[in-house]
Novice: 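Take a look at the following structure, please.
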There are 2 protein chains.
Amino acid sequence: MRYEERFESVLKSAATVFARRGYQRASIRDVARAAGISVAGLYYYCKSKEELLFAVCFHSFDVLLQSLHRSLKGVSDPKQQLHIFILNHFEYFLTYVEAMKVVSHEAGMLTGEFDARVTEIKRQYYLRCQQIVQLLLGEPDAESPRLRTTTLALFGMINWVYTWYRPGRDEDAKGLADGMTELFLHGVWPQAAVGNGQEVGNGG
Amino acid sequence: MRYEERFESVLKSAATVFARRGYQRASIRDVARAAGISVAGLYYYCKSKEELLFAVCFHSFDVLLQSLHRSLKGVSDPKQQLHIFILNHFEYFLTYVEAMKVVSHEAGMLTGEFDARVTEIKRQYYLRCQQIVQLLLGEPDAESPRLRTTTLALFGMINWVYTWYRPGRDEDAKGLADGMTELFLHGVWPQAAVGNGQEVGNGG
DNA sequence: TGTATTTTCGAGCGAGCGATCGAACGATAA
DNA sequence: TTATCGTTCGATCGCTCGCTCGAAAATACA
């Protein structure tokens, strides 16, 4: 077993422990125990607890982003792009639930350079998604508030999954992706979509 | 200043500190300092740190739920109900950003009886929302997976807000509520809403 | 085999944690 | 004044934390 493999195994243990206990509550001793090594041995692979959190977060986004780029290559239809984006997101989320829970929930604990690098790669992921939504909306302005709100609403829908998803009970990645793509494109009330004069929120 | 008022002031300080530092990282000394009292003095108002977190979470949901019931009274149109639900949610979220950040982010740290009581009141809030979505979908089965997924997608959209909302930059509660209600009802692609034969996700 | 390098660990550091205690405070009533 | 009672605090407890050190064990190569 080479160094790289052992390091990735340590990362996986860290992700599991951080996901189950939360980053702050999880102790370095918990991680070491899960990885099957001593505390001092753990520090052979990292310089600090925060670096462990950083490594889990950055590695996750790296793989997620690379997979997205691969899947989107050559696809020009915005609706197909959206579906690919959502499906890619769910496939990764449901495969690496623990890592993604850490990324979603604990990345905000990072500071300094660690924070900067994770924020940067998160931003790349966000911008790639925003491009797709911009095409869907036919919005010319990349700074449009509507574009921002809509993109972040989509992010909310798909990121929140880690708080409720249960493998046996809920659909698989494809099922979820189909459903949420449909919801994001057409809403739950499609028959009223083409202007029927009745708007919501102006009646009070 | 009476006891109750002082206690609520302590709760507010706790919410602020928990929101800024995270529940685990925030020390009881931080809370005491923010509340302008000593550590021992703080323990006159609570039995433990966890009880403080519980009080913040439970109180928040209590107010949110009561406000929702008040607003929904007498409204029968599902679309109006949806708009009211979302608006109520945002109004509360944007008024008590810090408390709601704690609720969304840290409630999972609770254990035992504390956990049970917060989970229970969260469930009431969820079920009230699910009723509305059920009406919108015309779904007869309350256990339908689609109903569950759709409701949780809505929850994701509106709960995620605490991670990105910036008071100066983004719209106010009403603006957000209008936008998200529209998105949830009709999607971003309304012109393709009524079955045009082209579906997403079956092309690959 | 001997030697050099990589990997592992037991023991323990200083710091900070949540929580507790008995004493003392200030306002009120006798 | 004295006694009462709700409220506040300084001092401190036992414990766990992130992290480090020097030495030993495992491995690689001669």
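Basis for what follows: all heavy atoms, side chains included, without hydrogens, waters or symmetry-related copies. Just so it is clear: chains get the letters A, B, ... in the order the sequence lines come, proteins before strands, and each one is counted from 1.
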Novice: Between the side-chain atoms of Arg29(B) and the base atoms of dG18(C), is any donor-acceptor pair under 3.5 Å?
Specialist: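 Such a pair exists between side chain and base.
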
Novice: Round to a whole Å and report the spacing from CD1 of Ile37(B) to C1' of dC25(C).
Specialist: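 These atoms are roughly 15 Å apart.
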
Novice: Using atom types as modelled and distance alone, determine if a side-chain donor or acceptor of Glu5(A) lies under 3.5 Å from a backbone N or O of Arg2(A).
Specialist: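 Yes.
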
Novice: Under a 4.0 Å threshold between the charged nitrogen and the carboxylate oxygen, would Arg25(A) count as salt-bridged to Asp30(A)?
Specialist: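 Judged by the 4.0 Å cut-off on N to carboxylate O distance, Asp30(A) and Arg25(A) do not form a salt bridge.
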
Novice: Atom OH of Tyr3(B) to atom P of dT7(D): distance rounded to whole Å?
Specialist: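 Whole-Å distance recorded here is 7 Å.
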
Novice: When you measure from the side chain of Arg6(B), which nucleotide among dT8(D), dC19(D), dA19(C) comes out closest?
Specialist: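 Side chain of Arg6(B) sits closest to dT8(D).
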
Novice: Write down the atom of Phe7(A), the atom of Tyr45(A), and the distance for their closest heavy-atom approach.
Specialist: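 So the minimum-distance heavy-atom pair works out to CE1-O, 3.4 Å.
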
Novice: Within the 4.0 Å heavy-atom criterion, would you say Ala26(B) contacts the bases, only the backbone, or no part of the nucleic acid?
Specialist: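 Sugar-phosphate only.
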
Novice: Looking at dT8(D), I'd like to know if its phosphate oxygens (OP1 or OP2) sit under 4.0 Å from a side-chain N or O belonging to Tyr44(B).
Specialist: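 For dT8(D), OP1/OP2 do not have a side-chain N/O of Tyr44(B) under 4.0 Å.
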
Novice: Counting only side-chain nitrogens and oxygens, does Tyr43(A) get under 4.0 Å of the OP1 or OP2 atom of dT8(C)?
Specialist: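 Negative; the distance criterion is not met.
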
Novice: Taking atom C1' of dA28(D) as reference, at what distance in whole Å does atom CZ of Arg2(A) sit?
Specialist: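 The distance from CZ of Arg2(A) to C1' of dA28(D) comes to 16 Å, rounded to the nearest Å.
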
Novice: Send over the distance from Arg33(A) CZ to dC9(C) P, rounded to a whole Å.
Specialist: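 To the nearest whole Å, that distance equals 14 Å.
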
Novice: Any side-chain N or O of Tyr45(B) below 4.0 angstrom from OP1/OP2 of dT7(D)?
Specialist: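 For Tyr45(B), the contact criterion (side-chain N or O under 4.0 Å from OP1 or OP2 of dT7(D)) is not met.
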
Novice: Answer yes if the ring centres of Phe85(A) and Phe184(A) are under 6.0 angstrom apart, and no otherwise.
Specialist: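 No, the ring of Phe85(A) stays outside the 6.0 Å limit from the ring of Phe184(A), centre to centre.
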
Novice: Just the rounded figure in Å: distance from C1' of dT20(D) to CD of Glu51(A).
Specialist: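 It works out to 16 Å between those atoms.
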
Novice: Rounded to the Å, how far apart are Arg25(B) CZ and dG18(C) P?
Specialist: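 Spelled out: CZ on Arg25(B) to P on dG18(C) is 13 Å.
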
Novice: Run the ring-centre check on His186(A) versus His186(B) and record whether the distance is less than 6.0 Å.
Specialist: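 No, too far apart.
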
Novice: Using whole Å, report how far CD1 of Ile28(B) lies from C1' of dA15(C).
Specialist: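 To the nearest whole Å, that distance equals 18 Å.
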
Novice: If you assign each of Val39(B) and Val39(A) to its closest nucleotide in DNA chain C, which residue comes earlier from the 5' end?
Specialist: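 Result: Val39(A).
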
Novice: Do any side-chain nitrogens or oxygens of Ser38(A) fall under 4.0 Å of OP1 or OP2 in dG10(C)?
Specialist: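 Indeed not, no polar side-chain atom of Ser38(A) lies that close.
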
Novice: Quick one: Lys49(A) NZ to dT20(D) C1', roughly how many Å, whole number?
Specialist: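 Rounding to the nearest Å, NZ of Lys49(A) and C1' of dT20(D) are 17 Å apart.
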
